[in-house]
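Shown next, in structure tokens, is the structure this report addresses.
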2 protein chains.
Amino acid sequence: MSGKTVLIVDDEPAIREMIAVALEMADYECLEAADALEAHALIIDRQPDIILLDWMLPGTSGIELARRLKKEETTAGIPIIMLTAKVEEDNKIRGLEVGADDYITKPFSPRELVARLKAVLRRATPPGIDAPIEVDGLTLDPSSHRVSANESSLNIGPTEYRLLQFFMAHQERVYTRSQLLDQVWGGNVYVEERTVDVHIRRLRKALGERHDYLIQTVRGAGYRFSTQPA
Amino acid sequence: MSGKTVLIVDDEPAIREMIAVALEMADYECLEAADALEAHALIIDRQPDIILLDWMLPGTSGIELARRLKKEETTAGIPIIMLTAKVEEDNKIRGLEVGADDYITKPFSPRELVARLKAVLRRATPPGIDAPIEVDGLTLDPSSHRVSANESSLNIGPTEYRLLQFFMAHQERVYTRSQLLDQVWGGNVYVEERTVDVHIRRLRKALGERHDYLIQTVRGAGYRFSTQPA
DNA sequence: CCCCAATGTTACAAGTATGTGACAGTCCTG
DNA sequence: CAGGACTGTCACATACTTGTAACATTGGGG
């Protein structure tokens, strides 16, 4: 569900593996690097959403890498969690000074790791920015996640909501079922194209006679959201 | 009608001016600042009722400033509306969610600005004053730290209190479990997201049938506090 | 006017998200 | 130290969603 990419930097393959398994179970995509150089290459190449960085690394130390990452414009925004075996308070302070967003002391439970990773990601993700869209008495307000037709709010499922939101943001244009699957369901799912029809139907039903004209069928092509009656 | 003071923080003089004119027309008093330092000084000195804060600022970013303001006791109560550019919406930006009260995307119409500003002011707690919030017979009084429904006071725990307070100060907007953990529990804790559900449940139970409709579930999204029935 | 392909509709079984009650650990307070 | 208040998690119950298949209807070309 998250789809976030995590880079794990640790010279101990066993530890990397342990972490990777835990994270993959929580539905994160994992990249692994054994040293700072390898890590840096992966960061540039794959743009991970967050980095788990071991304190001790052969060659360039973890803290050194963190400092460099935080200096560079393109990487400064990537949150970093430091992993350390030492319990010294000193490390904590220096780690955070360098710009790590959190630190975890080994040994740690996979559970704790995932939870803290989630917390850091949560803080690093900017909130959505949206204004309500209104068409002929039909209003969709992203901030309250509410759809209402002339005052009274409609009850529609998540998929219908996304579908409607997409349509209202892209009016007057025909979209094929395939395009809608890409845009509304997300590119890498496999669903029958006919499924789109069903959701269109559900959406129309929810909109009611007053507004269902907005969603128009274009035979042989797809669907269109238009204020102009067909 | 208002006489409220608005602080406009943006490094672009033309934009400040445009906003100022619009607001003065709506009978607000305007202060202007070009950067975070100037803004901070004005906030201390003039105690504005609300702040319009540009997301991107030279030096300290808008997000940074917002976070600091929300941390300090004396300024935490001042509502903040973030201004952001459309282009940034995609993914380039990383910032901390700091509890801005609303977001507006540039470009925006003066009309929209005034409307949302009014909305935020309406539901915001005046700075420095612990004014009770009342909704449909349900009252939360920060000064006595009490919640009462139609005269009789309710017995709720600290977490439920904070949760309710947050909701009543931010009505009509959906918050994900993640956001609630940030805002109500505080950013650095790690707790299961489902824990939120449990506290929501406790809060609803405490509110009783008379008021539990105020806390609404938005399937697939989170929770919302709204006087308008789902 | 008939037929076929495209689309509309309905039903449904499995999958997910949320509601709920119970429980154990913790932190006071008396 | 016992008792009570509060919290965070779990396990189970419920409620809603979702993708598909199957059947009905429609529309346009021949």
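Chain naming here is simple, since letters A, B, ... match the order of the sequence lines and numbering starts at 1 in each. In what follows, every heavy atom counts, from backbone to side chain, and hydrogens, waters and symmetry copies are set aside.
Sorted pairs that involve residues 155-167 of chain B and meet salt bridge (Lys or Arg N to Asp or Glu O under 4.0 Å), not counting sequence neighbours, are lacking altogether.
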Let me check something: any side-chain donor-acceptor pairs from residues 220-230 of chain B under 3.5 Å, sequence neighbours excluded? List them with distances.
| unit_1 | atom_1 | unit_2 | atom_2 | d |
| --- | --- | --- | --- | --- |
| Tyr223(B) | OH | Asp197(B) | OD2 | 3.2 |
| Arg224(B) | NE | Gln216(B) | OE1 | 3.0 |
| Arg224(B) | NH1 | Ser144(A) | O | 2.5 |
| Arg224(B) | NH2 | Gln216(B) | OE1 | 3.1 |
| Ser226(B) | OG | Arg146(A) | NH2 | 2.7 |
| Ser226(B) | OG | Glu172(B) | OE1 | 3.0 |
| Ser226(B) | OG | Glu172(B) | OE2 | 2.9 |
| Ser226(B) | OG | Gln228(B) | N | 3.0 |
| Ser226(B) | OG | Gln228(B) | O | 3.2 |
| Gln228(B) | NE2 | Glu151(A) | O | 3.2 |

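An OP1 or OP2 oxygen of dG19(C) is reached within less than 4.0 angstrom by a side-chain nitrogen or oxygen of Thr217(B). Proximity of Arg177(B) to the phosphate of dT18(C): a side-chain N or O atom is located under 4.0 Å from OP1 or OP2. Contact between the side-chain N/O atoms of Tyr223(A) and the OP1/OP2 oxygens of dG8(C) is found at a separation under 4.0 Å.
Partners of Asp136(B) according to the side-chain hydrogen bond (donor to acceptor under 3.5 Å, both in side chains) rule, which considers only residues two or more places apart in sequence or in another chain, are Arg210(B), Tyr213(B). Residues forming a side-chain hydrogen bond (donor to acceptor under 3.5 Å, both in side chains) with Arg202(B) (at least two apart in sequence, or on another chain): none.
Distance CD1/Ile200(A) to OG1/Thr195(A): 12.0 Å, rounded to 0.5 Å.
Look at CD1 on Ile215(B): it is 15 Å from C1' on dT18(C), rounded to the nearest Å. Note: CZ (Arg224(B)) to C1' (dT18(C)) measures 15 Å, nearest angstrom. Spacing between atom NZ of Lys205(A) and atom P of dT17(D) amounts to 13 Å, rounded to whole angstrom units. Rounded to a whole Å, the CZ atom of Arg204(A) is 11 Å from the P atom of dT7(C). Atom-to-atom, CG of Asp197(A) to C1' of dA22(D) comes out at 14 Å; the value is rounded to the nearest Å.
The aromatic rings of Trp185(B) and His199(B) lie perpendicular to each other, with more than 60° between the two planes, well past the 30° mark.
The two atoms that bring Lys4(A) and Asp49(A) nearest to each other are CA-OD2, 3.4 Å, heavy atoms only. Ile81(A) and Leu117(A) get closest at one heavy-atom pair: CD1-CA, 3.8 Å.
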For nucleotides 25-27 of chain D, print each protein N/O atom paired with a nucleotide N/O atom at under 3.5 Å, atom names and distance only.
| unit_1 | atom_1 | unit_2 | atom_2 | d |
| --- | --- | --- | --- | --- |
| dT26(D) | O2 | Arg219(A) | NH2 | 3.3 |

Once each nucleotide of nucleotides 2-11 of chain D is scored for protein heavy atoms under 4.0 Å, what B/S/- sequence comes out, 5' to 3'? ----SBBBB-

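Residue whose closest nucleotide on DNA chain C sits further toward the 5' end, between Gly222(A) and Ile200(B): Gly222(A).
The only member of Thr139(B), Val147(B), Leu140(B) that meets side-chain contact (heavy atoms from CB on, under 4.5 Å) when paired with Pro132(B) is Thr139(B).
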